[in-house]
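What follows is a single structure, written as structure tokens, with notes after it.
Numbering of residues begins at 1 and proceeds along the displayed sequence. Bear in mind that the values here come from a model prediction, so they are computed numbers and not experimental data. Atom set for the values below is all heavy atoms of this structure, side chains included, hydrogens, waters and symmetry mates excluded. Note that ligands are numbered from 1 as they come in the structure, with each ligand's atoms numbered from 1 the same way.
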Amino acid sequence: MNILILGGTAEARALALELDGRGHLFESSLAGRVARPRLPVGPVRIGGFGGVEGLNDYIAARQVHAIVDATHPFALTMSRHAVQAAQQSGIDLLRLERPGWSGRPGADGWWWVDNHGQAATVTAAASNRPFLTVGRQALDQFTGPLATAAALVRVVDEPEIDLPSNWTVLTSRGPYSYASERALILNHGADAIVTKDSGGDFTWSKIAIADELGIPVVMVRRAPYPAAATTVNSVSDAIDWVEARSVRSTPARHR
Ligand code: NAP
């Protein structure tokens with residue numbers, strides 16, 4: 001195994017599929033954050049490495065010679081560790097990151113904030129019936145400011161913390177269609193959509209609908225990648241980068 005894909009995203013799965021088909025040696029890594037993860041094609045390991053030191057050990061033990069960090073744009077700790085471990089182990093690192101939504105139509109009118117705490121404050125001041133799609137791990141920052149709001153919360157797995165009694169929790173996983181998102185937003189009577197700049201099309205519908213209905217969008221801005229790194233925005237560009245570094249096994253069709 002020579003290429004380590006840090007995954008948990010659709011891009012990481014698409015990259016694994018393509019590399020497997022081309023016979024490259026790689027392994028995907030998932031944090032193990034969700035109960036039933038969507039597994040990529042090919043070899044997969046699940047669970048934290050144990051910080052930078054653990055990742056360095058893994059790199060040495062598995063003779064990893066390049067990392068593709070295809071984690072979610074908000075998985076900053078893992079990205080920071082990848083940068084440090086790549087430097088310390090003297091191996092190449094590529095960042096594969098889907099473009100954010102800041103260039104999309106309507107973006108100038110959204111309420112951009114720097115973190116979830118600010119998002120909670122801004123939302124509490126303007127909304128009684130917000131629709132929160134910020135991920136399970138950020139919810140603790142909203143429970144206080146939005147304690148009396150009738151929030152609709154969508155998460156992949158049930159939250160592990162106690163939520164205000166008048167919040168409604170919906171467990172599901174995208175992609176979401178335009179029609180189903182529109183019905184959900186209208187049925188709840190959402191007066192604000194709170195989300196983060198994840199980018200991509202899987203979860204875009206709700207924002208387009210909010211803009212169309214004149215519902216405010218509170219958008220948590222991405223933090224910059226923790227270090228200067230070679231960055232690509234598409235799986236095909238990531239494949240070009242890997243092809244220059246990877247050791248091929250027998251092509252998949254002959255295995
Ligand atoms: P994080 O805060 O950056 O990472 C926390 C710790 O989880 C890391 O220090 C690492 O533990 C472990 N970890 C994270 N990603 C890992 C991976 N791909 N393989 C092995 N260990 C990993 O990350 P997070 O926000 O909890 O996100 C976890 C995963 O979910 C990521 O892979 C990300 O792509 C995916 N995801 C995140 C979001 C989001 O909004 N944050 C949204 C969708 C998907 P050790 O220090 O022990 O190595």
Nearest-neighbour protein heavy atom for atom 39 (C) of ligand 1, which is reported as residue plus atom name and distance: H72 ND1, 3.4 Å
Going by heavy atoms, is G135 under 4.0 Å from ligand 1? no
Begin from the C-alpha positions of V134 and F142 and carry the test side chain to side chain contact (heavy atoms under 4.5 Å, CB included) through to its verdict. CA-CA 10 Å; V134 291; F142 291 84; 3.8 Å; yes
Looking at L30, which atoms of ligand 1 are within less than 4.0 Å of one of its heavy atoms? 17 (C), 18 (N), 19 (N), 20 (C)
Compute the shortest N/O to N/O distance between T71 and ligand 1 and return yes if it is under 3.5 Å, no if not. no
S79 versus ligand 1: do any nitrogen or oxygen atoms come within less than 3.5 Å of each other? no
Applying side chain to side chain contact (heavy atoms under 4.5 Å, CB included), run through I3 and V68 and close with a yes or a no. CA-CA 7 Å; I3 302 287; V68 179; 4.2 Å; yes
Distance to 0.1 Å, residue and atom name: give those for the protein heavy atom nearest to atom 5 (C) of ligand 1. R33 NH2, 3.4 Å
Nearest non-hydrogen protein atom, atom 11 (O) of ligand 1: G48 CA, 3.6 Å
Where ligand 1 meets R45 - atom numbers and elements under 4.0 angstrom, heavy-atom basis: 20 (C)
Salt bridge between R154 and E181, side-chain N to carboxylate O under 4.0 Å? yes
Within 45° cone of Y225 ring axis and under 6.0 Å: R222 NZ or CZ: no
What is the closest protein heavy atom to atom 10 (C) of ligand 1, and at what distance does it sit? M78 SD, 3.7 Å
Would you call E158 and R136 a salt bridge, using N to O less than 4.0 angstrom? no
So for ligand 1, is A70 a polar contact partner (N or O within less than 3.5 Å, distance only)? no
Which of the numbered atoms in ligand 1 are below 4.0 angstrom from a heavy atom of F74? 40 (O), 41 (N)
V156 with M78, same ILVMFWY side-chain cluster at under 4.5 Å: no
The protein heavy atom nearest to atom 35 (C) of ligand 1 is G8 O, 3.8 Å
Quick one: do T203 and T133 satisfy side chain to side chain contact (heavy atoms under 4.5 Å, CB included)? Show the steps, please. CA-CA 9 Å; T203 58; T133 64; over 6 Å; no
Would you say V122 ends up clustered with W112 if hydrophobic residues are merged whenever their side chains have heavy atoms under 4.5 Å apart, either directly or through other cluster members? no
Any side-chain donor paired with an acceptor under 3.5 Å for E97 and H72? no
Just which atoms of ligand 1 are under 4.0 Å from any heavy atom in L76? 3 (O)
With a 3.5 Å distance limit and no angle check, can you tell me whether W101 reaches the backbone of G200 through a side-chain donor-acceptor pair? yes
If you have a sec, work out which protein heavy atom is nearest atom 48 (O) of ligand 1 and how many Å separate them, to one decimal? F49 N, 2.7 Å
In the protein, which heavy atom is nearest to atom 29 (C) of ligand 1, and how far is it? A31 CB, 3.7 Å
Residue, atom name and distance, where the atom is the protein heavy atom closest to atom 47 (O) of ligand 1: G50 N, 2.9 Å
Go through ligand 1 atom by atom and flag the ones less than 4.0 Å from a non-hydrogen atom of K196. 39 (C), 40 (O)
